[in-house]
Structures are given as structure tokens and as C-alpha cells.
Amino acid sequence: MKRSEFIDGLKEVLQREENLSEDMALKDIGEWDSLAVMSFIAFCDEHFSTQINGENIQQCKTVSDLIDLAKDHLED
Amino acid sequence: MFSFDHSHIFLVTGAGTGIGRATAMSINALGGTVVGVARDENRLQSVRKSCEKPDRFYTQSLDLTNNLDDLPHWMRSLCKKYGKFKGMVLCAGIQQIIPLAALSISQAKELFDINFFAVLALCKGFCDRRVNIGKGSSIVFISSIASITGNSGIIAYSASKGAMNASVRSMAVEMAMQGIRVNAVLPGFVETEMIEKWKNVYDAAYIEKMRKKYPLGLGLPEDVANLCCFLLSEKARWITGQEFVIDGGGSLG
């Protein structure tokens, strides 16, 4: 999966109309709530067969940080 | 009493016949806009013509089981066409009367596809923030009294409706954050076309037996439609995750 596809996937997870950019702060994204976190974990499990740790997600401050969690599965 | 505004858009599945038809027409009569879904476009057009406000009734002919995974995307496309939905009533379903000895798993799966998995997929579509209006949204499942009582020949049917009831409670909790209410209506024996389809089973003698069993007599689709409209309305704003039996007292005896 390309980084851009990952960001599109994240947009779907968030059910968001507006585009996301890598430097966006998660706290500024209204759709980023506890259900979105669960959906994000399910998204990574479905596409990368990897269980993202909830504590690691809590450390994330930006969209870019979320991408970093999946970077081993993403193409440059 | 309550009413709807023309900007209140409701999706009703199974809108071509029975409870779905009556619910779609009741919402329309109360002022709401309906997107009616059924397999048969001719039946939908007939419902449209019978509506008080035909210009507020849109038709979508579709077999919901054709591509279950695509239903959430289809809901988004409807939203782009008509606007965000305030509510949804899920009436589409089939009944099978097959004793366990004759029941095949593929028949049971076919039943679950329309009675439960299509419902789940439509709810996934509806609960997308881009599809519903948020606070004030309401989903009503048409379950059945068969989900909480016992009868021969309807094991798969009652299980599919039981699955629906169980999902209502968790869905209600999960969707409360978005302001979406979710409830199930469990009708008893209602005289609909589905009964007509099974008239070799539901013969005159059986219907007479049912009449005697129901203290308030057998129900009409409109009786169930009235409850659905109430649950869709703001008057039901504090009601979620519940099952409502509506059966003229039939389950009391």
C-alpha cells in the first residue's frame, strides 16, 4: 500500500469529507475519537494483518505518527 | 402528535409491500421525504401514486442481497443524490417455513443474508457520519414476535430476527455517541402479502385460530407503521436499544 492510499484509507476510517494531510494534529480532527481508534486498529489488521497496540496509538500526535505505525507495510 | 419536515429524509426498505409500504406512506403523510427501496420498481411506483405527497417519495429498485459489501457505498451515493438521512426503517425480509429436518444450511444462509446481513450493511452505511444528520437520527428494525416465542418450522427465521434484536442493543450504545437511536419493533401476526404468499400454511383455519389467540384481533401494517413513525420522531428522543412488541396482546396468553 502506498502512503497516499493509507491516508485515503484513514479518511474512510474517519468517515471524513475533507482531505487529510500528514502534518494534521489528531486533536484537531473532530472525527478522531475512541470508535475511530478501534476502526483504525481493525483497518491495520485487515490490510496488514498486524495488531497495532492501543498504547502506541495514544502516543501519536499527528497523521504522520499514525503512518509511522504502519510504515513497514507501506511503499515509499 | 408529531410531524416531519420535507427536509427530513428517510430510507425505507421493503417499501413495496406490507409494513414497509405502510411505513413509507405514513412518513410521507406526516410530511417527511421517503426513499423507498424494493426489488420491484412497479410496486414502488404504485406506492408512490398512493402517497399523499408523491413528489416526496423517491424510488430505488434494488435486490439488497446482490452485493452486501457494496451497500454502505450505495447508501453514500443515495445521500449525495437526496441529502443526509434522518432515519431508516428496515422492513425488507423474507420468511421461510421449513422444519429442521428439511432445512439446508444454504437456505438458512440465504435467509440471514436478507434478514440480518443486509440490515447490518445498511446500518454500516447509515451510521457513516457523511450519510446521516447526526443528533436526531433514528433506525428502526422490523423484527418479529417469532424472535421471542417458539413455533415450528421457523427456526432459521426466528434466529435471524433474534440476531437483529441482539444487535440493536450494542448498536444503540455504539451509535449513541453520534446521536443515532436504534430500536426494534416486534410485530405479531399482521395481515400482509407475506401471509398471502404462504397461504398453504396460513390457511383460513390457521388465521381463525390466530384471531382467537389475539385479544385485540390481528394487526394491520398501519398499526406497525404508526409505532415506527413514533420511534423515528423527536418524541422518542430518549428511547434507544429497545425491543417493542406490537401484537394486539397475542403473546400474553
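Sequence lines set the chain letters: A, B, ... in the order given, protein chains first and strands last, and positions in each chain run from 1. On a predicted model such as this, the values are computed, not experimentally measured, just so you know. Note that these values count all heavy atoms, side chains included, but never hydrogens, waters or copies made by symmetry.
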- Write out, in numerical order, the residues from residues 158-183 of chain B with a heavy atom short of 4.5 Å from a heavy atom in chain A. B/E174, B/M177, B/Q178
- Please check if the side chain of A/K11 supplies one atom and the backbone of A/E18 the other of a donor-acceptor pair under 3.5 Å. no
- Message: Per the ring-ring contact (aromatic ring centres under 6.0 Å, His included) rule, what does the pair list look like for residues 48-69 of chain A, sequence neighbours excluded?
- Response: A/F48-A/H73
- Whether B/N66 side chain and B/L62 backbone form a donor-acceptor pair below 3.5 Å: no
- Query: Any donor-acceptor pair under 3.5 Å linking the side chain of B/Q96 with the backbone of B/Q107?
  - Reply: yes
- Query: Do B/I246 and B/L186 come close enough that some side-chain heavy atom pair is under 4.5 Å?
  - Reply: no
Side-chain donor/acceptor pairs under 3.5 Å, residues 2-12 of chain B, sequence neighbours excluded:
unit_1	atom_1	unit_2	atom_2	d
B/D5	OD2	B/S7	N	2.9
B/D5	OD2	B/S7	OG	2.6
B/H8	ND1	B/D5	N	3.0

- Item | A/E22 with A/R3: basic N within carboxylate O range, under 4.0 Å | yes
- Query: Does anything in residues 27-41 of chain B get under 4.5 Å of chain A by heavy atoms, and if so which residues?
  - Reply: none
- Message: I want to check something: taking the side chain as every heavy atom from C-beta on, are B/P187 and B/I145 in contact at a cut-off of under 4.5 Å?
- Response: no
- Message: Looking at chain B, which one of A/Q15, A/E31, A/E17 has the largest number of heavy-atom pairs inside 4.5 Å, strictly under?
- Response: A/Q15
- When B/R76, B/R129, B/R130 are compared by non-hydrogen pairs under 4.5 Å with chain A, the top option: B/R130
- Query: Looking only at atom types and distance, does a side-chain atom of B/N132 sit under 3.5 Å from a main-chain N or O of B/K84, one as donor and one as acceptor?
  - Reply: no
- Query: With distance as the sole criterion, is a donor-acceptor pair present between the side chains of A/T62 and A/S64 under 3.5 Å?
  - Reply: no
